[in-house]
Amino acid sequence: MHNDPTQAEQASGQANEQTGGASGEATLDDLLEPVPGPHATASDFSESAVLGRRGQAARTGWRHVLFELTGGRLRPPPGLGEMRRNQLMNRVRTPFDGTRRIVVMSRKGGVGKTTVTVGVGATFASARGDRVVAVDANPDAGNLAHRIAGDCQRTITDLLADSGRIRSFAQMRGYTSQCVESRLEVLASDDDARIAQALDRDAYRQVVALLDHFYNLILLDTGTGILDSANQGLITEADQLVLVVRPALDGAKVGAQTLDWLEEHGHADLVASAVVVINGIERESDPIVQFARKHFEARCRQVVSVPWDKTLEGGGRTTLSGLHRKTRRAFLDVAAALADGFGEDPLARESRESASHGFTFGPLPDQHPGV
């Protein structure tokens, strides 16, 4: 018996209609049915979706000029130099909890220790959004305040005398000078060296404790006597250290002896995390500079060379904008090296937790609560 092909095809079609297509193939009606899209949310309003993907435009050099001339239609990316600077700035802006105390020291005078304090402090203050103060802790009548503005007549001894009356940042600002350009504040020492030399370890410890309440970064510009009571107290209060040396045999040797003393007196961690600044370099290829760099790199976190800058020779007021470009970059390198340590626990944590320093932050003596 022979089957009719036409009847077989009709029977097969009827079977497929009844089963909805046993083979799983979509019907024409299925293909024409609209597919629902993703649910709309506020996340649709992304910058890349609305404005298109736009890379960062250069902010310096000819690339930035081209960006400005074309009204932003052409957006040349940053060059290698600018990218390097951006990376340093990101490091300088490393966040941290609480406060950080950075001691800047040298056992030899005339090496530019105060200059480095101003340069690094101004770099931090201009790059970060938090409060930065530099303290003139030089007992030999230092000139730190005169290097920025010197617009405040009050000194560190006035602050000590009035410490029990200071309970707000507005009141604290009455004791510091501030550089308009960088926002760096400075607490001045007394011009009378006899008064400054009378301040001992406990006095500076009290000052630092008060500043902890109002500032995020505290830079301490110390004297040259490492055996002085004040300097030893500041070293104990330090979280990080900047050691400034001259690019000369005697300067480098004294710097190395300073590190030896610190290691022998229980400050090995401070040495390992220190940043060494070889200040006033005229030739990086100088054999003494190369030998000093190799020595300090083996002992400390980083070594940074700061070039000789004619602007700093006079010892007058110092602003970042007035420095040579290479000098500004060197101070940025120092600040970035210090900021690399912000992620570590502060070395002076114990002194913060154990010392009360005799401070009371209550109403001013001539005020009455509740009145």
Side-chain angles (χ1 to χ4, degrees), residues 99-109 113-114 117 121 133-146 152-166 172 174-177 185-215 217-244 254 257-267 269-271 274 346-361:
T99 60
R100 286 282 167 160
R101 307 161 178 176
I102 300 172
V103 165
V104 184
M105 69 180 304
S106 171
R107 288 180 60 193
K108 197 170 184 65
K113 175 174 52 62
T114 297
T117 302
V133 64
V135 180
D136 194 337
N138 189 341
D140 297 320
N143 66 341
L144 179 61
H146 300 295
C152 179
Q153 300 303 312
R154 288 172 168 170
T155 66
I156 193 169
T157 52
D158 295 317
L159 181 66
L160 281 167
D162 300 340
S163 60
R165 298 171 54 90
I166 300 172
M172 180 68 231
Y175 295 84
T176 63
S177 300
E185 294 181 43
V186 168
L187 177 61
S189 66
D190 284 275
D191 289 333
D192 189 338
R194 292 172 298 178
I195 298 176
Q197 288 172 356
L199 300 179
D200 58 8
R201 174 195 298 240
D202 290 337
Y204 282 110
R205 194 179 187 199
Q206 191 174 350
V207 169
V208 171
L210 177 58
L211 295 176
D212 271 342
H213 287 269
F214 302 111
Y215 296 92
L217 264 176
I218 304 170
L219 285 83
L220 299 154
D221 182 15
T222 66
T224 56
I226 197 171
L227 298 179
D228 292 344
S229 171
N231 274 355
Q232 291 195 22
L234 292 172
I235 292 170
T236 303
E237 297 291 314
D239 295 312
Q240 292 172 268
L241 171 70
V242 176
L243 178 66
V244 185
V254 170
Q257 290 172 341
T258 303
L259 298 184
D260 292 344
W261 187 93
L262 290 170
E263 290 175 338
E264 292 166 1
H265 290 80
H267 301 291
D269 289 341
L270 199 59
V271 170
L347 295 179
R349 178 188 296 274
E350 184 176 347
S351 70
R352 287 181 175 88
E353 296 173 350
S354 62
S356 63
H357 306 295
F359 278 111
T360 56
F361 296 93

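- The line from OH of Tyr215 to CD of Glu185 is 3.5 Å long, rounded to the nearest 0.5 Å.
- Judged by distance alone, with hydrogens and angles left aside, the side-chain atoms of Ser177 form a donor-acceptor pair with the main-chain N or O of Cys152 at under 3.5 Å.
- For the pair Val271 and Glu263, the tightest heavy-atom approach, listed with the atom from each and the gap, is CG1-OE2, 3.6 Å.
- The CZ atom of Arg205 lies 16.0 Å from the CG atom of Leu199; values are rounded to the nearest 0.5 Å.
- Under a 3.5 Å cut-off, the side chain of Lys113 and the backbone N or O of Thr222 do form a donor-acceptor pair.
- Within the 4.5 Å cutoff, no side-chain heavy atoms of Val242 are placed close to those of Met105.
- Atom CZ of Arg165 sits about 12.5 Å away from atom CG of Leu159, to the nearest 0.5 Å.
- One distance of note links CG of Leu241 with CG of Asp269; it measures 12.5 Å at 0.5 Å rounding.
- Summarising the geometry of Ala203 relative to Leu160, their closest heavy-atom pair is O-CD2, 3.5 Å, with the distance given to 0.1 Å.
- The minimum heavy-atom distance between Val103 and Ala238, with the atom names listed, is CG2-CB, 3.5 Å.
- Taken from CG in Leu211 to CD1 in Ile156, the straight-line distance is 8.0 Å, to the nearest 0.5 Å.
- For the pair Tyr204 and Leu220, the minimum side-chain heavy-atom distance is 4.5 Å or more.
- A donor-acceptor pair is defined here as one N or O able to donate and one able to accept, closer than 3.5 Å; no such pair exists between the side chain of Thr99 and the backbone of Asp212.
- Between Arg201 and Gly233, the shortest heavy-atom distance links the atoms CG-CA, 3.4 Å.
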Check against side-chain contact (heavy atoms from CB on, under 4.5 Å), Phe214 and Val133: CA-CA 10 Å; Phe214 302 111; Val133 64; over 6 Å; no

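- Contact annotation: the side chain of Asp158 approaches that of Thr155 to within less than 4.5 Å [non-hydrogen atoms, C-beta and beyond].
- Atoms NE2 and CD1, on His265 and Ile235 in that order, are 10.0 Å from each other to the nearest 0.5 Å.
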Ser189 and Asn138: side-chain hydrogen bond (donor to acceptor under 3.5 Å, both in side chains), yes or no, with the steps? CA-CA 7 Å; Ser189 66; Asn138 189 341; over 6 Å; no

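- With hydrogens and angles ignored, the 3.5 Å screen pairs no side-chain donor or acceptor of Asp221 with any backbone N or O of Asp136.
- Between Asn231 and Gly225 the shortest heavy-atom distance is ND2-O, 2.6 Å.
- Across all their heavy atoms, Gly174 and Arg154 have their closest contact at O-CD, 3.1 Å.
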